*Asks:* 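Structure in structure tokens, see below.
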Protein chains: 2
Amino acid sequence: MAARHEEIADELRRAIDREEYTVGSRLPAETDLAAHYGVSRGTVRQAVAALTAEGLIGSRQGARRVVLASRRSQSFAELRSFAQWARAMGREATGQVIAQEYRPATAEDAVRLQLRAGTPVLHVLRVRGLDGEPVLLERTVYADWISPAVEPIEPDCPSVTQRLYDDTGLVFAYGEHVIDAVAAGAQDADLLSVRRTSPLLRVRRVTTTREGRPVEWSDDRYRSDAVSFSVHNSMDNNALARKTAE
Amino acid sequence: MAARHEEIADELRRAIDREEYTVGSRLPAETDLAAHYGVSRGTVRQAVAALTAEGLIGSRQGARRVVLASRRSQSFAELRSFAQWARAMGREATGQVIAQEYRPATAEDAVRLQLRAGTPVLHVLRVRGLDGEPVLLERTVYADWISPAVEPIEPDCPSVTQRLYDDTGLVFAYGEHVIDAVAAGAQDADLLSVRRTSPLLRVRRVTTTREGRPVEWSDDRYRSDAVSFSVHNSMDNNALARKTAE
DNA sequence: GTTGAGAACTTGTCTGAACAAGTTGGCCCC
DNA sequence: GGGGCCAACTTGTTCAGACAAGTTCTCAAC
């Protein structure tokens, strides 16, 4: 948090949060903000661009910016880490590894993780819960180069993301999430304490490093009575896409 | 498409699409691009910022930008309009209104559409299909001020979005989508030609104008064997958030 | 060969200025 | 009171330059 424009974006976010600028009200003009913070207009524009991308404020040429919402979307870190998300809500995350083994990468694994087929990759089946109640079943495949760091982690570690960062400095930078619905199978039903054929929200995701190298891919199934996902988007900024089944 | 930086962003997108820059390769330096297009570095930065937000290229201070993916995400217009999306895939969109009536706004409607409870709002139940096969059931509520423009539209109009734009100049600028899974009810099953209790992907969305005024909200149910959603995000740009059921 | 220091390169941040394009509010006239 | 026009205001776009901070490559020393 060195950059001045990030500091200003943060101050504006907080001001909106504590309703100094209420929803529907107009933000000061760029020149006023620039004078107030003692920076140039370009720097202010970088700050407000961030808030616009988050959907906190709307903007039209010629008119003052308008505050659209107060609660801001989660950070990528919070989305990535189940434990961090739970903590932010004041809930306790639990986790338990059910099975863990090396298998040769299938063709699908190879494509998703950019490896050669047959490379041994680490499969982990993990149940995650909030305050003890199971809500998520994770079937994760880790790339060969990170597997050695994942393998020794104890089965009930609440935050794998945190552990990998502490141990290896690994940070997740990009994610691609494909979302659909499936009926719970026998194993799903058992581990999530729901009836068979209950609808589950399935999120298949690939996470990569800053350089774009895939680290892991996962088939996550959420109890749809416990968890949902929300996406905010706009004309300028659209991360959501509809897809047909292949 | 007047702005130079948008033109440049588009040219770069196309160049990546036709694999002039292949995935994994490095983009020319900002100064080179600036010289090539005859603009300043600031303008180039605006262009590449757009591609970075879309997840097409990755970027680290000090190192040249890297091409991460080739297929670009859909525009907001394509997400908003079922018909436009279908056309982009070379499929034909069909639509049929099953029921349409005015009802007084419930408390929930009032909150979502920013109206007073009791205001008459237009409810529309619509089935959408691809090449004749039903894939989506839309239960939409339109705000009172747009209802008069929606009401006279013929029941089998393939693109309501297009009609509203042509007739009233209305453009949708922001969207909030909440995604979860539900079991098909009797009506859902009937209209979508699936068995009862099949898993459906539910997308509850609110769409607003450029000024942040809500236009409509909708409960969309997709056949999960036909359609899924994908979200691309990053540390800089995260539109996706996990939520607990209230 | 390996290592380490350093130079060259590249992206990130910020400034100050200018003009274009769109919105808003007030004033005058009818 | 209503309508229309204009001036003031505000955001969008672009430029040229400067320095900071991180990466990559080269080359000399060991």
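Note that the coordinates shown come from a computational prediction; the quantities given were computed from them, not determined experimentally. Here is how names work: the chains are called A, B, and so on, in the same order as the sequence lines, proteins then strands, and each is numbered from 1.
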*Asks:* Contact between A:Arg213 and A:Thr208 at the side-chain level, heavy atoms closer than 4.5 Å - yes or no?
*Replies:*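 No; the side chains remain at least 4.5 Å from each other.
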*Asks:* Can you tell if the side chain of B:Arg205 reaches within under 4.5 Å of the side chain of A:Asn233, non-hydrogen atoms only?
*Replies:*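 In short, these two side chains do not touch, never coming nearer than 4.5 Å.
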*Asks:* So, do A:Tyr21 and A:Pro28 sit near enough that their side-chain heavy atoms are less than 4.5 Å apart?
*Replies:*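 Yes, close enough: below the 4.5 Å cut-off.
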*Asks:* Do B:Val97 and B:Val124 come within less than 4.5 Å of each other through their side chains, counting heavy atoms only?
*Replies:*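 Yes. Closest side-chain heavy atoms under 4.5 Å.
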*Asks:* Measure the distance from CD on B:Gln46 to P on D:dT14 and round it to the nearest whole Å.
*Replies:*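 B:Gln46 atom CD is separated from D:dT14 atom P by 6 Å.
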*Asks:* What verdict does the ring-ring contact (aromatic ring centres under 6.0 Å, His included) test give for A:Phe229 and B:Phe229, after you've listed the backbone C-alpha separation in whole Å, the side-chain angles of each residue and the deciding distance to 0.1 Å?
*Replies:* CA-CA 11 Å; A:Phe229 284 82; B:Phe229 283 83; over 10 Å; no
*Asks:* Counting only side-chain heavy atoms from C-beta out, which of C:dT13, C:dG25, D:dT13 sits nearest to A:His5?
*Replies:*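 So the nucleotide nearest the side chain must be C:dT13.
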*Asks:* Closest approach of B:Leu51 and B:Ala9, non-hydrogen atoms and distance?
*Replies:*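 Closest approach of B:Leu51 to B:Ala9: CD2-O, 3.9 Å.
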*Asks:* Check nucleotides 5-10 of chain C for protein N or O atoms closer than 3.5 Å to its own N or O atoms and list the pairs.
*Replies:*
| residue | atom | partner | partner atom | Å |
| --- | --- | --- | --- | --- |
| C:dT10 | OP1 | B:Arg64 | NH1 | 3.2 |

*Asks:* Mind calculating the distance between CZ (B:Arg26) and P (D:dG22) to the nearest angstrom?
*Replies:*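 It is 19 Å, rounded to the nearest whole Å.
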*Asks:* Check side-chain hydrogen bond (donor to acceptor under 3.5 Å, both in side chains) between B:Tyr165 and all other residues, then give those that pass, not counting sequence neighbours.
*Replies:*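 side-chain hydrogen bond (donor to acceptor under 3.5 Å, both in side chains) check on B:Tyr165 returns nothing, list empty.
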*Asks:* Are any side-chain N or O atoms of B:Arg41 and backbone N or O atoms of B:Thr31, one a donor and one an acceptor, separated by less than 3.5 Å?
*Replies:*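 No, the answer is negative, given that no donor and acceptor are paired below the 3.5 Å cut-off.
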*Asks:* Does B:Thr43 place a side-chain N or O at less than 4.0 Å from the phosphate oxygens OP1/OP2 of D:dT13?
*Replies:*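 Answer no for this pair, as no side-chain N or O of B:Thr43 is under 4.0 Å from OP1 or OP2.
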*Asks:* Base, sugar-phosphate alone, or nothing: which one does A:Arg45 contact when heavy atoms must sit under 4.0 Å apart?
*Replies:*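 Touches a base.
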*Asks:* Are any protein N/O atoms closer than 3.5 Å to N/O atoms in nucleotides 17-19 of chain D? If there are, list each pair with its distance.
*Replies:*
| residue | atom | partner | partner atom | Å |
| --- | --- | --- | --- | --- |
| D:dA18 | N6 | B:Arg41 | NH2 | 3.3 |

*Asks:* Nearest-nucleotide wise, let me know which of A:Ser40 and A:Arg60 is further upstream toward the 5' end of DNA chain C.
*Replies:*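 Taking each residue's closest nucleotide, the earlier one in sequence belongs to A:Ser40.
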*Asks:* Write down the distance between CD (B:Glu6) and C1' (C:dA20), rounded to a whole number of angstrom.
*Replies:*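 Rounding to the nearest Å, CD of B:Glu6 and C1' of C:dA20 are 15 Å apart.
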